[in-house]
Amino acid sequence: MTSTTETPTVEQLESLVGRQFPGGTYAVDPWRVWLTNDVIGAPQRTDGIAHPMFCYYAAMAGLGISIDEMFTLCYASADDGPMFGECDIQQLRPLEIGATYTVRGEITGAVRKQGERTGTFDIVAFQLEVVAPDGEVSSVVSNSFIFPRRS
(Lines give C-alpha, C1' and ligand atoms only; values in the text may rest on other atoms or scores of the structure.)
Protein backbone atom coordinates (compact mmCIF):
# COMPACT_ATOMS: atom_id res chain seq x y z
CA MET A 1 0.00 0.00 0.00
CA THR A 2 1.33 3.43 -0.84
CA SER A 3 0.62 6.51 1.19
CA THR A 4 -1.66 9.09 -0.37
CA THR A 5 -0.58 11.91 1.93
CA GLU A 6 2.66 13.48 3.06
CA THR A 7 3.91 12.53 6.51
CA PRO A 8 3.52 15.55 8.78
CA THR A 9 6.44 16.88 10.76
CA VAL A 10 6.41 16.27 14.50
CA GLU A 11 5.68 19.99 14.92
CA GLN A 12 2.66 19.78 12.61
CA LEU A 13 1.43 16.72 14.46
CA GLU A 14 1.84 18.31 17.90
CA SER A 15 0.07 21.48 16.72
CA LEU A 16 -3.15 19.45 16.52
CA VAL A 17 -3.38 19.24 20.32
CA GLY A 18 -6.05 21.61 21.62
CA ARG A 19 -7.78 21.88 18.26
CA GLN A 20 -11.51 22.01 18.88
CA PHE A 21 -14.06 20.28 16.70
CA PRO A 22 -17.04 22.19 15.31
CA GLY A 23 -19.38 20.07 17.41
CA GLY A 24 -23.06 19.67 16.83
CA THR A 25 -26.15 18.03 18.22
CA TYR A 26 -27.57 14.53 18.42
CA ALA A 27 -31.21 13.64 19.02
CA VAL A 28 -31.85 10.33 20.78
CA ASP A 29 -34.76 9.39 18.57
CA PRO A 30 -37.12 6.69 19.89
CA TRP A 31 -36.96 4.70 16.64
CA ARG A 32 -33.14 4.57 16.81
CA VAL A 33 -33.29 3.34 20.39
CA TRP A 34 -35.82 0.67 19.47
CA LEU A 35 -33.73 -0.53 16.51
CA THR A 36 -30.50 -0.55 18.52
CA ASN A 37 -32.08 -2.53 21.33
CA ASP A 38 -33.55 -4.96 18.82
CA VAL A 39 -30.24 -5.49 17.02
CA ILE A 40 -28.12 -5.99 20.14
CA GLY A 41 -30.73 -8.03 21.98
CA ALA A 42 -31.23 -5.51 24.77
CA PRO A 43 -34.65 -5.23 26.39
CA GLN A 44 -36.98 -2.53 25.15
CA ARG A 45 -37.07 -0.22 28.16
CA THR A 46 -40.14 1.72 29.21
CA ASP A 47 -38.41 4.21 31.51
CA GLY A 48 -37.27 6.65 28.80
CA ILE A 49 -33.59 5.79 29.16
CA ALA A 50 -31.45 4.98 26.11
CA HIS A 51 -28.94 2.12 25.96
CA PRO A 52 -25.47 3.24 27.17
CA MET A 53 -24.09 2.71 23.65
CA PHE A 54 -25.86 5.95 22.70
CA CYS A 55 -23.14 7.83 24.58
CA TYR A 56 -20.77 6.76 21.80
CA TYR A 57 -23.29 7.23 18.99
CA ALA A 58 -24.09 10.77 20.14
CA ALA A 59 -20.43 11.71 20.55
CA MET A 60 -19.33 10.54 17.12
CA ALA A 61 -22.42 11.78 15.28
CA GLY A 62 -22.14 15.19 16.95
CA LEU A 63 -18.42 15.61 16.26
CA GLY A 64 -19.18 18.19 13.60
CA ILE A 65 -16.90 16.67 10.95
CA SER A 66 -16.89 13.34 9.15
CA ILE A 67 -14.36 10.61 9.89
CA ASP A 68 -12.82 11.32 6.48
CA GLU A 69 -12.43 14.98 7.47
CA MET A 70 -10.89 13.85 10.77
CA PHE A 71 -8.33 11.82 8.83
CA THR A 72 -7.54 14.81 6.61
CA LEU A 73 -7.10 17.00 9.69
CA CYS A 74 -4.57 14.42 10.92
CA TYR A 75 -2.64 14.46 7.62
CA ALA A 76 -4.02 11.13 6.42
CA SER A 77 -6.74 9.49 4.39
CA ALA A 78 -8.61 6.19 4.56
CA ASP A 79 -6.24 4.89 1.86
CA ASP A 80 -3.34 5.21 4.33
CA GLY A 81 -4.85 2.46 6.51
CA PRO A 82 -5.67 4.30 9.74
CA MET A 83 -6.82 2.11 12.60
CA PHE A 84 -9.10 2.67 15.53
CA GLY A 85 -7.02 2.88 18.69
CA GLU A 86 -8.49 3.06 22.17
CA CYS A 87 -11.94 4.03 23.36
CA ASP A 88 -13.10 4.96 26.83
CA ILE A 89 -16.74 5.80 27.53
CA GLN A 90 -17.69 7.43 30.81
CA GLN A 91 -21.43 7.61 31.30
CA LEU A 92 -22.04 10.20 33.99
CA ARG A 93 -25.80 9.99 33.71
CA PRO A 94 -28.19 8.16 31.37
CA LEU A 95 -29.17 9.64 28.04
CA GLU A 96 -32.89 10.23 27.72
CA ILE A 97 -34.96 9.09 24.78
CA GLY A 98 -36.32 12.08 22.89
CA ALA A 99 -33.70 14.53 24.21
CA THR A 100 -31.26 16.40 21.99
CA TYR A 101 -27.67 16.60 23.21
CA THR A 102 -24.89 19.00 22.29
CA VAL A 103 -21.45 17.62 21.55
CA ARG A 104 -18.16 19.44 22.03
CA GLY A 105 -14.62 18.20 21.95
CA GLU A 106 -11.02 18.57 20.98
CA ILE A 107 -7.83 16.75 20.14
CA THR A 108 -6.09 15.92 23.40
CA GLY A 109 -2.92 14.21 22.25
CA ALA A 110 -0.76 13.59 19.21
CA VAL A 111 2.42 11.54 19.39
CA ARG A 112 4.78 9.95 16.91
CA LYS A 113 6.04 6.45 17.64
CA GLN A 114 8.34 3.97 16.00
CA GLY A 115 7.60 0.25 15.97
CA GLU A 116 10.12 -2.42 15.12
CA ARG A 117 7.71 -4.18 12.75
CA THR A 118 5.24 -1.40 11.95
CA GLY A 119 7.63 1.47 11.37
CA THR A 120 6.58 5.04 12.02
CA PHE A 121 3.04 5.76 13.15
CA ASP A 122 1.15 8.57 14.87
CA ILE A 123 -1.48 8.27 17.58
CA VAL A 124 -4.02 11.08 17.71
CA ALA A 125 -6.34 11.13 20.73
CA PHE A 126 -9.50 13.17 21.15
CA GLN A 127 -12.20 13.66 23.74
CA LEU A 128 -15.87 14.43 23.20
CA GLU A 129 -18.41 15.57 25.77
CA VAL A 130 -22.11 14.83 25.33
CA VAL A 131 -23.98 17.65 27.05
CA ALA A 132 -27.63 17.36 28.16
CA PRO A 133 -30.21 20.08 27.47
CA ASP A 134 -29.77 21.33 31.05
CA GLY A 135 -26.05 21.97 30.42
CA GLU A 136 -24.71 19.05 32.44
CA VAL A 137 -22.22 16.64 30.84
CA SER A 138 -23.90 13.25 30.40
CA SER A 139 -20.95 11.35 29.02
CA VAL A 140 -17.33 11.71 28.01
CA VAL A 141 -15.95 9.66 25.13
CA SER A 142 -12.19 9.45 24.59
CA ASN A 143 -10.90 7.87 21.37
CA SER A 144 -7.71 7.56 19.42
CA PHE A 145 -6.77 6.76 15.86
CA ILE A 146 -3.48 5.25 14.75
CA PHE A 147 -2.03 6.57 11.51
CA PRO A 148 0.67 4.52 9.79
CA ARG A 149 3.28 6.81 8.22
CA ARG A 150 4.91 5.20 5.24
CA SER A 151 7.59 6.93 3.24
Side-chain angles (χ1 to χ4, degrees), residues 1-29 32-43 49-96 99-132 135-151:
M1 176 188 298
T2 59
S3 176
T4 59
T5 54
E6 300 259 342
T7 298
T9 65
V10 172
E11 292 78 18
Q12 287 174 311
L13 179 67
E14 291 173 347
S15 74
L16 294 173
V17 177
R19 179 119 182 222
Q20 295 187 351
F21 298 113
T25 59
Y26 182 82
V28 183
D29 294 320
R32 282 192 176 124
V33 174
W34 191 94
L35 285 175
T36 297
N37 290 341
D38 187 55
V39 167
I40 64 175
I49 302 299
H51 189 278
M53 196 62 208
F54 276 87
C55 297
Y56 185 79
Y57 299 157
M60 294 305 291
L63 179 65
I65 59 174
S66 68
I67 296 300
D68 191 48
E69 290 169 320
M70 165 75 86
F71 292 168
T72 299
L73 178 66
C74 296
Y75 306 96
S77 76
D79 293 337
D80 295 325
M83 296 165 275
F84 190 74
E86 296 181 313
C87 180
D88 180 66
I89 302 170
Q90 297 176 31
Q91 183 177 24
L92 305 175
R93 67 185 225 197
L95 273 63
E96 298 176 20
T100 298
Y101 292 82
T102 301
V103 179
R104 61 184 180 219
E106 67 180 274
I107 295 177
T108 56
V111 295
R112 172 142 310 145
K113 296 198 173 201
Q114 186 73 32
E116 189 174 309
R117 293 188 330 203
T118 58
T120 304
F121 60 97
D122 295 335
I123 301 173
V124 178
F126 58 101
Q127 186 174 71
L128 303 167
E129 294 180 332
V130 179
V131 182
E136 293 294 318
V137 176
S138 293
S139 59
V140 179
V141 177
S142 302
N143 288 320
S144 65
F145 283 108
I146 302 165
F147 298 98
R149 302 300 187 184
R150 297 174 180 91
S151 48

**Q** Determine, step by step, whether Phe21 and Ile65 satisfy the side chain to side chain contact (heavy atoms under 4.5 Å, CB included) criterion, reporting the C-alpha distance in whole Å, the side-chain angles of both residues, the deciding distance to 0.1 Å, and the verdict.
**A** CA-CA 7 Å; Phe21 298 113; Ile65 59 174; 3.9 Å; yes

**Q** Rounded to the nearest 0.5 Å, what's the gap from CZ on Arg93 to OG on Ser139? Could you check?
**A**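 Rounded to the nearest 0.5 Å, the CZ-OG separation comes to 10.0 Å.
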
**Q** Quick check for you: to the nearest 0.5 Å, what is the distance between Phe71 atom CZ and Asp79 atom CG?
**A**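 Between Phe71 CZ and Asp79 CG, I get 10.5 Å after rounding to 0.5 Å.
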
**Q** Locate the shortest heavy-atom distance separating Val103 from Ala58; write the atom from each residue and the value.
**A**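 Of all heavy-atom pairs spanning Val103 and Ala58, the closest is CG2-O, 3.3 Å.
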
**Q** For a 4.5 angstrom cut-off between non-hydrogen side-chain atoms, does Ser138 reach Leu92?
**A**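 Answer no - side chains too far apart.
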
**Q** Once you round to the nearest 0.5 Å, how far does CZ of Arg32 lie from CG of Asn37?
**A**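 If I round to the nearest 0.5 Å, the distance is 14.0 Å.
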
**Q** Distance from Asp88 atom CG to Tyr56 atom OH, nearest 0.5 Å?
**A**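 OH of Tyr56 is found 12.0 Å from CG of Asp88.
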
**Q** Would you say the side-chain atoms of Glu86 and Ser144 include a donor-acceptor pair closer than 3.5 Å?
**A**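 Looking only at side-chain atoms, Ser144 and Glu86 do not form any donor-acceptor pair under 3.5 Å.
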
**Q** Let me see the working for Val28 and Val33 under side chain to side chain contact (heavy atoms under 4.5 Å, CB included), right down to the final yes or no.
**A** CA-CA 7 Å; Val28 183; Val33 174; 3.6 Å; yes

**Q** More than 12 non-hydrogen atoms from neighbouring residues, nucleotides or ligands closer than 6.0 Å to CD on Glu69, yes or no?
**A**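 Yes, CD of Glu69 has more than 12 neighbouring heavy atoms, counting only those of other groups under 6.0 Å.
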
**Q** Is Thr72 reaching over with its side chain to a backbone N or O of Asp68, donor-acceptor style, under 3.5 angstrom?
**A**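 The answer is yes, because a donor-acceptor pair under 3.5 Å joins these two groups.
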
**Q** Which pairs, with at least one residue in residues 108-117 and sequence neighbours excluded, count as a salt bridge (charged side-chain N to carboxylate O under 4.0 Å, His left out)?
**A**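 Residue pairs with at least one partner in residues 108-117: Arg112-Asp122.
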
**Q** Compare every heavy atom of Gly85 with every heavy atom of Ile146, then report the nearest pair and how far apart it is.
**A**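 That would be CD1-CA, 4.0 Å.
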
**Q** What verdict does the side chain to side chain contact (heavy atoms under 4.5 Å, CB included) test give for Cys55 and Ile89, after you've listed the backbone C-alpha separation in whole Å, the side-chain angles of each residue and the deciding distance to 0.1 Å?
**A** CA-CA 7 Å; Cys55 297; Ile89 302 170; 3.8 Å; yes

**Q** Nearest heavy-atom pair of Phe147 and Ala76: which atoms, and what distance?
**A**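 It is CD2-CB, 3.4 Å.
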
**Q** Give the intermediate values and the outcome of side chain to side chain contact (heavy atoms under 4.5 Å, CB included) for residues Arg149 and Tyr75.
**A** CA-CA 10 Å; Arg149 302 300 187 184; Tyr75 306 96; 4.1 Å; yes

**Q** Would you name the heavy atoms of Leu128 and Ala59 that are closest together and state the gap between them?
**A**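 Of all heavy-atom pairs spanning Leu128 and Ala59, the closest is CD1-O, 3.4 Å.
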
**Q** Is it true that Phe54 and Tyr101 have ring centroids separated by less than 6.0 Å?
**A**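 So the answer is no for these two rings.
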
**Q** Any idea how Phe126 and Phe145 line up, ring-wise: parallel (<30°), tilted (30 to 60°), or perpendicular (>60°)?
**A**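 Parallel.
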
**Q** Side chains of Tyr26 and Thr102, heavy atoms from C-beta outward: is any pair under 4.5 Å?
**A**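 Result no, sub-4.5 Å side-chain heavy-atom pair not found.
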
**Q** Minimum heavy-atom separation for Cys74 and Val124, please, with both atom names.
**A**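 Looking at all heavy atoms of both residues, the closest pair is SG-CG1, 3.7 Å.
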
**Q** Check Pro148 against Arg150 and note the closest heavy-atom contact, atom names and distance.
**A**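 For Pro148 versus Arg150, the nearest heavy atoms are CB-NH1, 3.4 Å.
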
**Q** Are the side chain of Glu14 and the backbone of Glu11 linked by a donor-acceptor contact shorter than 3.5 Å?
**A**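 Checking the backbone N and O of Glu11 against the side chain of Glu14, no donor-acceptor pair under 3.5 Å is found.
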
**Q** Which atom pairs, one a donor and one an acceptor, fall under 3.5 Å between side chains of residues 104-111 and the rest of the protein, sequence neighbours left out?
**A**
{"from": "Arg104", "atom 1": "NE", "to": "Glu129", "atom 2": "OE1", "distance (Å)": "2.6"}
{"from": "Arg104", "atom 1": "NH2", "to": "Glu129", "atom 2": "OE1", "distance (Å)": "3.0"}
{"from": "Thr108", "atom 1": "OG1", "to": "Ala125", "atom 2": "O", "distance (Å)": "3.4"}

**Q** CD of Gln127 to OG of Ser142: how many Å apart, nearest 0.5 Å?
**A**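 That separation rounds to 4.0 Å.
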
**Q** To the nearest 0.5 Å, what is the distance between CG (Leu63) and CE (Met70)?
**A**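 Spacing of CG (Leu63) from CE (Met70) equals 5.0 Å.
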
